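This is a predicted model, so every value here is computed, not measured. Here is the naming used below: chain letters follow the sequence lines, and residue numbers restart at 1 for every chain.
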Amino acid sequence: MPPVIRISDIAQYVGQEVTLQGWVYNRTDKGKLVFLLVRDGYGFAQCVAFKGDLPVELFDQVMRLPQESSVIITGSVRADQRAPGIPGGYEVGVKDLQVVQAAAEDYPMALKEHGVDFALDHRHLWIRMPSQWAILRVRTVVIRAIREWLDSHGFTHMDTPILTPAACEGTTTLFETPYFDEGMAYLAQSGQLYNEANIFAFGKVYCFGPTFRAEKSKTRRHLTEFWMVEPEAAFCDLDQLMEIEEQFVTHIVQTALRECQAELKSLGRDTSLLEQVAPPFPRISYDEALKMLEDIRAETEDPEQKELLAIEWGMDFGSPHETALTQRFSKPVFVYGYPTQVKAFYMEPWPGRPEVCKSVDLLAPEGYGEIIGGSERISSYELLLQRLHEHDLPVEAFQWYLDLRKYGSVPHSGFGLGVERTVSWITGIQHIRETIAYPRTIKRVYP
RNA sequence: UCCUCGAUAGCUCAAUUGGCAGAGCGGGCGGCUGUUAACCGCUAGGUUCCAGGUUCGAGUCCUGGUCGAGGAGCCA
């Protein structure tokens, strides 16, 4: 029996007889000729059956194969520019075909556009379609690239708890669940505070897992359950943090470009700007960003847009601001030094400017906006204690966190990168829900 | 929580001023040796989101509700 191959490797088998194990994605019959578009999990390839090449009964069966039937196909590979697929340009001349199961004829996903609600109700089938398959292939490569870079740069992977005692930052709304006799537990919105403990044992660490936010956000950039990687490093200030971030993001983007060419091409992604992603990234201060936004607002004629872009010093950027700002850049851009009042309690103040903190967001270009939020953390025991009081946080719950500033405190910094937002940017898609296999939004927990 | 929009065949949508509920795709049957969302012929397929109301007559107008989408705020 010829070797079972992966469609992603099909170019290596031109002129050879191979076996494909997969599913019929589409069928077009032309009388004495049938085209099957077969997917095997690794790609999509056209298989061509001629009536004269096959037994009469088999050809008749092939001509009637319902969409999504599972099949084992043997035939010879040839290059043909007409052949569609991912990667396209190669096809299999069918010599034998075994039907593992003829699918039921009421498969609901037509090979056409679908409404969002219908598509999401059938997410378990939607992921079979080329666009969704390609996005999720990019996602897995992005996740691998994240781990590769961190693992090879001295970061120790340390899992942090999903069930947590309280808000880490005391701001966002959390999912809660009863926890035996201990009252309520909350689903983690960040592993950062635990990371900060872990660096004093391991130097540089990262956690990587699902993150939960119960906020009633209804936008293309929000999920209630999403994946975030959070690196944290001891003996690291804000400038060193930005160097880490730009190396890290560059590795992720370049790996995806290198390993997902066929997927990105099938998605129609223009990769010219992604190819330019390399250190150094532009760095602008909050004050400079504010000036740019005022200029952009002055040039805007649309009154609605003018209203949305209104801002004054001390306010955090909303998504209209981020979008407008990043449309001016072709590379990811750092915005550092946000007002202390809009950021979390644990951020180190700017030397000589207490109204500003050593925070930095990384905004993806082409209007995609924030993919990373990070900062240098407060290292002084007294200042941290003062901030806990200022934010009305229960000091006793943060006793262990205060200990970190008591026993060998050092300057340290960290950040969180949102996987889904990063994949949205790299794949060029508009809605974050397509970058995760089973999205959880305010209105959806099925399937 | 607020603003805006939407719901008609399995899917995507159309239906003029309130006047017989339609098309394409998908399914079935038939035809075709290079299709790219193939094409051609035939065919089956409807609680027009729900509950009221106006009217000779409502998919269409009015009231209330349900569900969904986009955006704001918040954030990754």
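Protein atom CE of A:Met315 is 13 Å distant from nucleotide atom C1' of B:rC74, rounded to whole Å. For A:Leu37 and B:rG34, the CG to P distance is 18 Å, given to the nearest whole Å. Straight-line distance from the CZ atom of A:Phe415 to the C1' atom of B:rC75: 17 Å, rounded to whole Å. Taking atom CG of residue A:Leu174 and atom C1' of nucleotide B:rA76, one finds them 15 Å apart after rounding to whole Å. Separating the CD1 atom of A:Ile432 from the P atom of B:rA69 is a distance of 15 Å, rounded to the nearest angstrom. Distance CD (A:Gln189) to P (B:rA76): 8 Å, rounded to an integer number of Å. Taking atom OH of residue A:Tyr446 and atom C1' of nucleotide B:rG68, one finds them 16 Å apart after rounding to whole Å. In this structure, A:Lys51 places its NZ atom 7 Å from P of B:rC32, rounding to the nearest Å.
A:Phe44 and A:Tyr25 have perpendicular rings, their planes meeting at more than 60° on a 0 to 90° scale where under 30° would count as parallel. Taking the six-membered ring where tryptophan is involved, the planes of A:Tyr286 and A:Tyr338 are tilted, since the angle between them lies from 30° to 60°.
No hydrogens or angles were tested; on distance alone, a donor-acceptor pair under 3.5 Å links the side chain of A:His222 to the base of B:rC75. For A:Lys218 against B:rA69, a side-chain-to-base donor-acceptor contact under 3.5 Å is present. Under 3.5 Å, the side chain of A:Gln81 and the base of B:rG34 form no donor-acceptor pair of N or O atoms. Donor-acceptor pairing under 3.5 Å, judged by distance alone, is present between the side chain of A:Asp29 and the base of B:rC32. For B:rC29, the base has no donor-acceptor partner in the side chain of A:Arg64 [N/O atoms by modelled type, under 3.5 angstrom]. Judged by distance alone with a 3.5 Å cut-off, no donor-acceptor contact links the side chain of A:Ser217 to the base of B:rC75.
Taking a pair to require two hydrogen-bonding distances under 3.5 Å in either a Watson-Crick or a G-U wobble arrangement, B:rU54 remains unpaired. A 3.5 Å limit on both hydrogen-bonding distances identifies B:rG65 as the Watson-Crick or G-U partner of B:rC49. Pairing for B:rA21 is absent, judged as Watson-Crick or G-U wobble with the two contacts each under 3.5 Å. In this structure, B:rG70 and B:rC3 make a Watson-Crick or G-U wobble pair, each of the two defining distances being under 3.5 angstrom. With a cut-off of 3.5 Å on both Watson-Crick or G-U wobble distances, the partner of B:rG34 is given as none. Remark: B:rG26 base-pairs with no nucleotide in the shown strands. Criterion, Watson-Crick or G-U wobble with two distances under 3.5 Å.
Rounded to whole Å, the separation between the C1' atoms of B:rC13 and B:rC56 comes to 32 Å. The C1' atoms of B:rC49 and B:rA37 are separated by 29 Å, rounded to the nearest whole Å. With both ends at atom P, the span from B:rC61 to B:rC5 equals 14 Å, rounded to whole Å. Going from the C1' atom of B:rG65 to that of B:rA7 covers 14 Å, rounded to whole Å. Nucleotides B:rU12 and B:rC74, compared at atom C1', are 35 Å apart to the nearest Å. Across the P atoms, B:rG64 and B:rA23 are found 36 Å apart, a figure rounded to whole Å. Taking atom P in both B:rA14 and B:rU54, one finds a spacing of 30 Å when rounded to whole Å. Between the C1' atoms of B:rA15 and B:rA51, the separation comes to 25 Å (whole Å).
No contact: A:Gly369 has no heavy atom under 4.0 Å from any strand. Within 4.0 Å (heavy atoms only), A:Phe118 reaches sugar-phosphate atoms of the nucleic acid but no base atom. At the heavy-atom level, A:Pro84 lies under 4.0 Å from base atoms of the strands shown. When heavy atoms are screened at a 4.0 angstrom cut-off, A:Gln46 is found touching base atoms of the nucleic acid. Residue A:Asp361 is out of contact with every strand shown, counting any heavy-atom pair closer than 4.0 Å. Among the protein residues, A:Pro320 comes within range of the sugar-phosphate backbone only, with heavy atoms under 4.0 Å from sugar or phosphate atoms but none that close to a base. Within the nucleic acid shown, A:Gly52 has no heavy atom closer than 4.0 Å to any nucleic acid atom. Residue contacts for A:Lys30: at a heavy-atom cut-off of 4.0 Å it reaches a base atom on one of the strands shown.
Side-chain atoms of A:Gln132 and A:Arg123 form a donor-acceptor pair, as typed in the model, at a separation below 3.5 Å. Judged by distance alone, the side chains of A:Glu57 and A:Gln61 never bring a donor and an acceptor atom under 3.5 Å apart. Side chain to side chain, A:Glu230 and A:Ser190 meet the donor-acceptor criterion of an N or O pair below 3.5 Å.
Under the side-chain hydrogen bond (donor to acceptor under 3.5 Å, both in side chains) rule, A:Glu420 has a single partner from A:His222, A:His431, A:Arg139, A:Arg221, which is A:Arg139.
Residue A:Glu105 has its side chain nearest to B:rG27 when only B:rG68, B:rG27, B:rG34 are considered. Of the listed nucleotides (B:rG34, B:rC74, B:rC75), B:rC74 has the atom at the smallest distance from the side chain of A:Glu215. Distances were taken from every side-chain heavy atom of A:Val48 (C-beta onward) to each of B:rG34, B:rA69, B:rA76; the shortest belongs to B:rG34. Here the nucleotide nearest the side chain of A:Glu370, chosen from B:rA69, B:rA76, B:rU33, is B:rA76. Taking only side-chain atoms of A:Asp117, from C-beta outward, the nucleotide of B:rG34, B:rA76, B:rG68 with the closest atom is B:rG68. Set against B:rU35, B:rU33, B:rC11, the side chain of A:Phe35 has B:rU35 as its closest nucleotide.
The phosphate of B:rG70 (OP1 or OP2) has a side-chain N or O of A:Arg433 nearer than 4.0 angstrom. When the side-chain nitrogen and oxygen atoms of A:His431 are compared with OP1 and OP2 of B:rG70, one or more of them lie within a distance under 4.0 Å. Not one side-chain nitrogen or oxygen of A:Arg78 sits closer than 4.0 Å to the OP1 or OP2 atom of B:rG34.
Positionally, the nearest nucleotide of RNA chain B for A:Tyr107 lies more toward the 5' end than for the other of A:Arg221 and A:Tyr107. Each of A:Leu223 and A:Ser319 was assigned the nucleotide of RNA chain B with the nearest heavy atom; the assignment lying further toward the 5' end belongs to A:Ser319.
Here A:Tyr401 and A:Tyr346 keep their ring centres 6.0 angstrom or further from each other.
Heavy-atom minimum distance, A:Ser330 versus A:Gln276: OG-OE1, 3.7 Å. Annotation for A:Gly374 and A:Leu241: closest pair C-CD2, 4.4 Å, computed over non-hydrogen atoms.
Between the A:Arg433 side chain and the A:Leu223 main chain, no donor and acceptor come within less than 3.5 Å of each other.
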